[in-house]
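Here the structure is laid out as structure tokens; the discussion comes afterwards.
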Amino acid sequence: MTLAERGDLKVVGGDVRSFTLQTGGLDLESTLDGGQAFRWWRASAEDEPSVYDGVIGSAAVRIRETGASPDDIEVMIRSNAAAGDFQDTVADYLGRGTDLSELRARFVADPCIGPAVTGFSGLRLLRQDPWECLVSFICSSTSNIPRIKLNVGSVASELGTRVGPGDADFAFPTAEAVAAAGEQFLRDLGLGFRAKYLAPAAEAVASGDLDLFALREASFEDARASLVQLNGVGEKVADCVLAFSLDKPEAFPVDRHIRRALERWYGLPEKTNNSKASDFARERFGRFGAVAQQYMFHRERLAQRANWGGDHVAHALPEDR
DNA sequence: GTCCAGGGTGAAA
DNA sequence: TTTCACCCTGGA
């Protein structure tokens, strides 16, 4: 597949180690640090253009918004090793082609995400490594984003291989490495009860009983059924993995925040369980479910900080917040 | 110092 | 269908 066919992203300049991507306005903060992935660290002040350090595959990278053009981001490789066709790797990671014009057209009048998809169209779905994504969301259970970052970061730095000079510059460890480490090791790392879920999941992937990459070719229903067989993976965690790594844009993960939003904005009855709530949302959003869910999650997070959404949010939020 | 919530899940009632 | 235990970290 060529970059042009992939949709959003196009390499417009630079060389193998430092290049510019034309992104159509991708926003780094909401995309990299909005709860899809947990190993990106901001390297710039809040009031400056975003700069993020992280690892994609076996390369440590720095990604920055240029400021020169809202369409462009600059990518620098911080690893010493030769990067090969790393332009493709980065474009693949960031460049899940979202049909922005159809998203806008279909949801311009949507009560919750309408203002966002028209006024702020920089939030994209990532296409992560399925194994790292699975680990991340197994770790997300009854946790919070700072802690998920801590846990996933510990797994990476303790069991992964160093690929750059920074504290977090580790390639994510293989399922074999995590399986070999075992449950007690993961507990000692601070994962808590999630260790007893992660260790068997690692064994399933390492042994080949679960072929995550094959699930990219499977239907949404089949892929979800495979993931949910893992202990510690319910529909919510499965939907996150499907949406953010397995090419299932119709996946719609429902957590407590999204539940609240569905009740508030779309009249979802309170008694609906999360499984039915996800069905309800997939019915409504179709193949835009995952990106719609990210916009809703982003909105809920920022609404709590009360610095985004303006009057629309202020009017819409109940008094009890 | 104590208290509590935090991108859930599975098992028991 | 509902309730509860599960680990532990950071902020109030």
Side-chain angles (χ1 to χ4, degrees), chain A residues 29-41 112-113 123 125-126 128 132-155 157-158 181-202 204 224-246 248 251-265 268-279 281-282 289-305 320-321:
Chain A
E29 182 177 13
S30 59
T31 301
L32 294 180
D33 211 5
Q36 292 189 63
F38 302 93
R39 292 214 297 142
W40 290 98
W41 302 95
C112 177
I113 68 169
L123 206 175
L125 291 180
L126 296 172
Q128 300 180 61
E132 177 172 346
C133 194
L134 176 63
V135 175
S136 300
F137 285 98
I138 286 176
C139 287
S140 76
S141 182
T142 325
S143 190
N144 49 63
I145 289 179
R147 185 179 177 188
I148 300 166
K149 283 184 143 185
L150 180 72
N151 289 163
V152 177
S154 299
V155 171
S157 61
E158 292 299 317
E183 176 182 336
Q184 190 56 51
F185 184 92
L186 297 169
R187 267 185 193 272
D188 294 342
L189 235 42
L191 299 210
F193 62 83
R194 302 157 196 88
K196 72 173 179 285
Y197 299 142
L198 181 52
R224 196 193 209 198
S226 293
L227 291 175
V228 168
Q229 286 189 332
L230 295 171
N231 222 329
V233 178
E235 289 183 344
K236 192 279 175 182
V237 168
D239 284 347
C240 287
V241 178
L242 293 167
F244 309 143
S245 74
L246 291 177
K248 302 294 180 284
F252 194 98
V254 175
D255 59 35
R256 64 180 76 192
H257 307 293
I258 296 298
R259 256 205 84 82
R260 196 170 56 221
L262 289 173
E263 290 170 10
R264 177 182 304 150
W265 299 99
L268 180 80
E270 277 187 39
K271 58 184 173 61
T272 315
N273 65 33
N274 281 358
S275 183
K276 295 292 184 189
S278 182
D279 295 344
R282 268 200 315 287
V291 70
Q293 189 268 7
Q294 275 301 287
Y295 270 107
M296 291 168 74
F297 186 67
H298 185 62
R299 171 165 206 164
E300 286 293 311
R301 282 187 72 195
L302 291 188
Q304 283 175 1
R305 291 188 234 159
D320 64 0
R321 287 174 65 85

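Numbers restart at 1 for each chain; the letters A, B, ... are given by sequence-line order, proteins then strands.
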Notebook entry, point to check: Can A:Phe193 be called stacked on C:dC6 when the rule is centres closer than 5.5 Å and an angle between planes below 30°?
Noted result: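 A:Phe193 vs C:dC6: stacking yes.
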message = Could you go through A:Asn151 and A:Arg194, starting from their C-alpha distance and side-chain angles, then the distance that decides it, and tell me whether this counts as side-chain hydrogen bond (donor to acceptor under 3.5 Å, both in side chains)?
response = CA-CA 10 Å; A:Asn151 289 163; A:Arg194 302 157 196 88; 4.9 Å; no
Need one value for [X]: base, sugar-phosphate or nothing, where a base atom within 4.0 Å counts as base even if backbone is also close, heavy atoms only.
{"X": "A:Asn274", "result": "nothing"}
{"X": "A:Gly234", "result": "sugar-phosphate"}
{"X": "A:Val254", "result": "nothing"}
{"X": "A:Leu230", "result": "sugar-phosphate"}

Please give the distance between the P atoms of B:dG10 and C:dT9 as a whole number of Å.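 To the nearest whole Å, 23 Å.
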* Kindly assign one of parallel, tilted or perpendicular to the pair A:Phe137 and A:Phe244, based on the angle between their ring planes and the thresholds 30° and 60°. =>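 Tilted.
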May I have the distance from [X] (atom [atom1]) to [N] (atom [atom2]), rounded to whole angstrom?
{"X": "A:Arg256", "N": "B:dC4", "atom1": "CZ", "atom2": "P", "value": "15 Å"}
{"X": "A:Ile145", "N": "B:dG8", "atom1": "CD1", "atom2": "C1'", "value": "15 Å"}
{"X": "A:Ile138", "N": "C:dC7", "atom1": "CD1", "atom2": "P", "value": "15 Å"}
{"X": "A:Ile148", "N": "B:dA5", "atom1": "CD1", "atom2": "P", "value": "18 Å"}
{"X": "A:Phe137", "N": "B:dG6", "atom1": "CZ", "atom2": "P", "value": "17 Å"}
{"X": "A:Arg147", "N": "B:dG8", "atom1": "CZ", "atom2": "C1'", "value": "13 Å"}
{"X": "A:Asn273", "N": "B:dG8", "atom1": "CG", "atom2": "P", "value": "16 Å"}
{"X": "A:Ile258", "N": "B:dG6", "atom1": "CD1", "atom2": "P", "value": "14 Å"}

[X] side chain N/O closer than 4.0 Å to the phosphate oxygens (OP1, OP2) of [N]?
{"X": "A:Lys196", "N": "C:dC7", "value": "yes"}
{"X": "A:Arg187", "N": "C:dC7", "value": "yes"}
{"X": "A:Asn144", "N": "C:dG10", "value": "no"}

Residue met sooner reading DNA chain B from 5', once A:Gly34 and A:Gln229 are mapped to nucleotides: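 Mapping each residue to its closest nucleotide by heavy atoms, the 5'-most match is A:Gly34.
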* Asked: Salt bridge between A:Glu263 and A:Lys271, side-chain N to carboxylate O under 4.0 Å?
  ->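 No salt bridge links A:Glu263 with A:Lys271.
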query = Any Lys/Arg nitrogen of A:Asp279 or A:Arg282 sitting under 4.0 Å from an Asp/Glu carboxylate oxygen of the other?
reply =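 Salt bridge between A:Asp279 and A:Arg282, a charged N being under 4.0 Å from a carboxylate O: yes.
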Whether A:Lys149 engages the ring of A:Trp40 as a cation-pi pair (distance to the six-membered ring centre under 6.0 angstrom, angle to the ring normal within 45°) should be assessed.
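Judged by the rule (NZ or CZ under 6.0 Å from the ring centre, within 45° of its axis), A:Lys149 is not positioned above A:Trp40.
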- Message: What's the closest nucleotide to the side chain of A:Thr142 if the choices are C:dG10, B:dG8, C:dC8?
- Response: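 Side chain of A:Thr142 sits closest to B:dG8.
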Under 3.5 Å for both donor-acceptor distances, Watson-Crick or wobble: does C:dC7 have a partner, and if so which one?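 The answer is none; no pair meets the criterion.
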- request: Would you please name every residue forming a ring-ring contact (aromatic ring centres under 6.0 Å, His included) with A:Phe252, sequence neighbours left out?
  value: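 In terms of ring-ring contact (aromatic ring centres under 6.0 Å, His included), with neighbours along the sequence ignored, A:Phe252 is linked to A:Phe285.
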Report task. May I ask you to verify whether the side chain of A:Arg194 and the base of C:dC8 hold a donor-acceptor pair under 3.5 Å? Result ->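 Between C:dC8 and A:Arg194, which were checked side chain against base, a qualifying N/O pair under 3.5 Å is absent.
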